[in-house]
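Values reported hereafter were calculated over all heavy atoms of this structure, with side chains retained and with hydrogens, waters and symmetry mates removed.
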Amino acid sequence: MTAVAASWHPLSAGERSVAIEVLVNGPLSRTELARRLDLSAGSLTRLTKPLIESGLLIEVPEAGAPAESRTGRPSQPLDVVAESRSFVGFKVTDDMVYGVVTTLRSDIVARHDRPLPGHEPAEVADLLAEMTEELARVHPGRLAGIGIGVGGLVQQRAVVGESPFLHWRDVPLAELVEERTQLPVVVENDVAALVEAETWFGAGRGLDRFVVLTIGAGLGYGLVLGGRRVPCAEEDRGFGRRWIVNPNGPLTPDGERGSAVSLLTIPNIRYQVQAATGRDHTYEEILALAAAGEAMSARVVDEAARALGTLVAQISNFVMPQKILLAGEGVGLMDVAGRTVEATVRAGRDPLAAPVDVETKVSDFHDWARGAAVLAIQVLVLGTAEA
């Protein structure tokens, strides 16, 4: 494993703003960069000089410009070298670890997954270190950091305060992995990591108000205001368990009767169908049966679609986001019952309200691992775990 310096620090607040703008939106001309950040030409020169000298930013030829005109520093846009550093991202579930290597712009260049043999913290840290070594062999490069996404409450981007999936309390996961890899490590709730990735490099890039709603084994919610994710102490406490969508809805093992979790999550959709029919089906099978008109599956899927439409409408009414991203393993619901979701959203909104921009992204666990890698990228560029 080739470890490198963790960052190009120290960076001032102004230098960080320049670095982030170019990283997320580059290449950018100096004129455009100054306009975006409301800087004078002199101030921009002062801020970019140390970034260029440190190797964080480079001058690149202007796209489309003839070779003979590619001289003179003012005409050369600024960019980052995306391949100059690599980052490892992990998504830890109750039985698997999904790993990726990304570039500085979060493009996935390698994947490696391993079963999780147990939940002992040291055992998990050993596995993450082994996977880091394997990813480094598959994609030799200058590893700059590791990001880890975990379902649960994470404190100071280092300690897993509580994880019901792993049965952990107060586990210093970042420290354990750093000891084994000699690389800087940042840990975060998995939904928060996904939100950060989509805000910097995905569906929420450049948006002021943005929401991520994830559907899978549970429900996840992330809010971006002013272009920054809003951290919340309750974000890992089971979003939707007490959000009652239909008081007369189903009672399931997880979530209150008729709650968003009872109606919409994959385990509860499977539970409803099995309780009614005595047959156990996968989520994909239930969607296929609903599409084919099988009565019970169609009923459960229809109720789930109405629950999702209600959530989207209510979130839109209160937050007024520019976009809502639906992500996670459960968004196949939109393929089967998207029209019901859309009709329910319209019914829950004022007739004169602007249409809700809903984007659907079928995510696998490598997308979540990529989100964790973005955490490491943020720490590298921002110089702090408080991204």
>> Is the ring pair H119/H167 parallel, tilted or perpendicular, if the boundaries are 30 and 60 degrees?
In response: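 If you compare the ring of H119 with that of H167, the planes turn out tilted.
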
Is it the case that one hydrophobic cluster holds both V362 and L287, taking links as side-chain heavy atoms less than 4.5 Å apart, direct or via other members? yes

Return a table of donor-acceptor pairs under 3.5 angstrom between the side chains of residues 206-218 and protein atoms on other chains or two or more places apart.
unit_1, atom_1, unit_2, atom_2, d
D208, OD1, G226, N, 3.4
R209, NE, M320, O, 2.7
R209, NH2, M320, O, 3.2
T214, OG1, G220, N, 3.0

Indicate whether any N or O donor in one side chain lies under 3.5 Å from an N or O acceptor in the other, for T102 and R370.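 R370 and T102 do not have a side-chain donor-acceptor pair below 3.5 Å.
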
For D126, the side-chain hydrogen bond (donor to acceptor under 3.5 Å, both in side chains) test, sequence neighbours excluded, returns R180

message = Could you check whether any side-chain N or O of D367 sits under 3.5 Å from a backbone N or O of D364, counting only pairs where one atom can act as donor and the other as acceptor?
response =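 It does hold such a pair.
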
Below 4.0 angstrom, N of the basic side chain to O of the carboxylate: do R157 and E196 qualify?
yes

Inset, instruction - Determine whether Y283 and V341 fall in the same hydrophobic cluster, where Ile, Leu, Val, Met, Phe, Trp and Tyr are linked whenever their side-chain heavy atoms lie under 4.5 Å apart. - result: yes

| request: For residues L173 and I148, determine if any side-chain heavy atom of one lies less than 4.5 Å from a side-chain heavy atom of the other. | output: yes

Hits for side-chain hydrogen bond (donor to acceptor under 3.5 Å, both in side chains) against T199, two or more places apart or cross-chain, chain-then-number order -> none

For the student: nearest non-hydrogen atoms of G145 and A376, plus distance
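Where G145 meets A376 most closely, the heavy atoms are C-CB, 4.0 Å.
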
Heavy-atom closest pair (P250 atom, L263 atom, distance to 0.1 Å) is CD-CD2, 3.3 Å

Do the side chains of H366 and D113 get nearer than 4.5 Å, heavy atoms only? yes

**Message:** For R241 and E256: C-alpha separation, side-chain torsions, deciding distance, then whether salt bridge (Lys or Arg N to Asp or Glu O under 4.0 Å) applies.
**Reply:** CA-CA 6 Å; R241 293 180 190 276; E256 301 296 320; over 6 Å; no

- Dump the intermediate steps for salt bridge (Lys or Arg N to Asp or Glu O under 4.0 Å) on K361 and E198, then the final yes or no. CA-CA 11 Å; K361 178 178 182 179; E198 293 296 335; 2.5 Å; yes

**OP:** For the pair E59 and R30, find out whether any cationic side-chain nitrogen is under 4.0 Å from an anionic carboxylate oxygen.
**Re:**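 Looking at E59 and R30, the cut-off is met.
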
Go through the steps for D190 and K91 under the test side chain to side chain contact (heavy atoms under 4.5 Å, CB included), then give the verdict. CA-CA 7 Å; D190 51 5; K91 158 67 172 172; 2.3 Å; yes

Does any non-hydrogen side-chain atom of P247 lie less than 4.5 Å from one of R257?
no

Kindly work out whether a path of hydrophobic side-chain contacts (I/L/V/M/F/W/Y, heavy atoms less than 4.5 Å apart) joins Y271 to V261. no

- Query: With a cut-off of 6.0 Å (strictly less than), are more than 12 heavy atoms of other residues, nucleotides or ligands near CZ of R36?
  - Reply: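 It does: R36 CZ has more than 12 such atoms within range.
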
Exercise. Is a salt bridge present between R114 and E130, judged by a nitrogen-to-oxygen distance below 4.0 Å?
Worked result: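 Yes.
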
*Residue list, side chain to side chain contact (heavy atoms under 4.5 Å, CB included) with E179, at least two apart or on another chain*: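 If we apply the side chain to side chain contact (heavy atoms under 4.5 Å, CB included) test to E179, skipping adjacent residues, the hits are E175, L176.
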
Taking only Lys NZ, Arg NE, NH1 and NH2, and the carboxylate oxygens of Asp or Glu, determine whether R339 and E342 approach each other closer than 4.0 Å.
no

Per-pair distances, 0.1 Å, donor-acceptor, side chain in residues 306-316, under 3.5 Å, sequence neighbours excluded:
unit_1, atom_1, unit_2, atom_2, d
R306, NE, D302, OD2, 2.8
T310, OG1, R306, O, 2.8
Q314, OE1, W243, NE1, 2.6
S316, OG, V312, O, 2.7

R349: side-chain hydrogen bond (donor to acceptor under 3.5 Å, both in side chains) partners, not counting sequence neighbours: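 Partners of R349 by the side-chain hydrogen bond (donor to acceptor under 3.5 Å, both in side chains) criterion, ordered by chain and then number, come out as N317.
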
task: Assess whether side chain to side chain contact (heavy atoms under 4.5 Å, CB included) is satisfied between L51 and E15, documenting all intermediate values.
output: CA-CA 7 Å; L51 299 177; E15 290 165 352; 4.1 Å; yes

With a 4.5 Å limit on heavy-atom distance, are the side chains of L23 and W200 in contact?
yes

Determine whether L219 and V319 fall in the same hydrophobic cluster, where Ile, Leu, Val, Met, Phe, Trp and Tyr are linked whenever their side-chain heavy atoms lie under 4.5 Å apart.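 Yes; tracing contacts between hydrophobic side chains, which count when under 4.5 Å, links both residues.
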
V171 to P121 - nearest heavy-atom pair and separation: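 Smallest heavy-atom distance, with atoms named: CG1-CB, 3.7 Å.
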
*Determine, stepwise, if the pair R105 / D79 fulfils salt bridge (Lys or Arg N to Asp or Glu O under 4.0 Å).*
CA-CA 11 Å; R105 280 213 166 97; D79 202 359; 2.6 Å; yes

### Same apolar cluster: I108 and L104, side chain cutoff 4.5 Å
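Per the 4.5 Å side-chain linkage, I108 and L104 are not co-clustered.
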
Between T93 and D95, is any side-chain donor less than 3.5 angstrom from a side-chain acceptor? yes

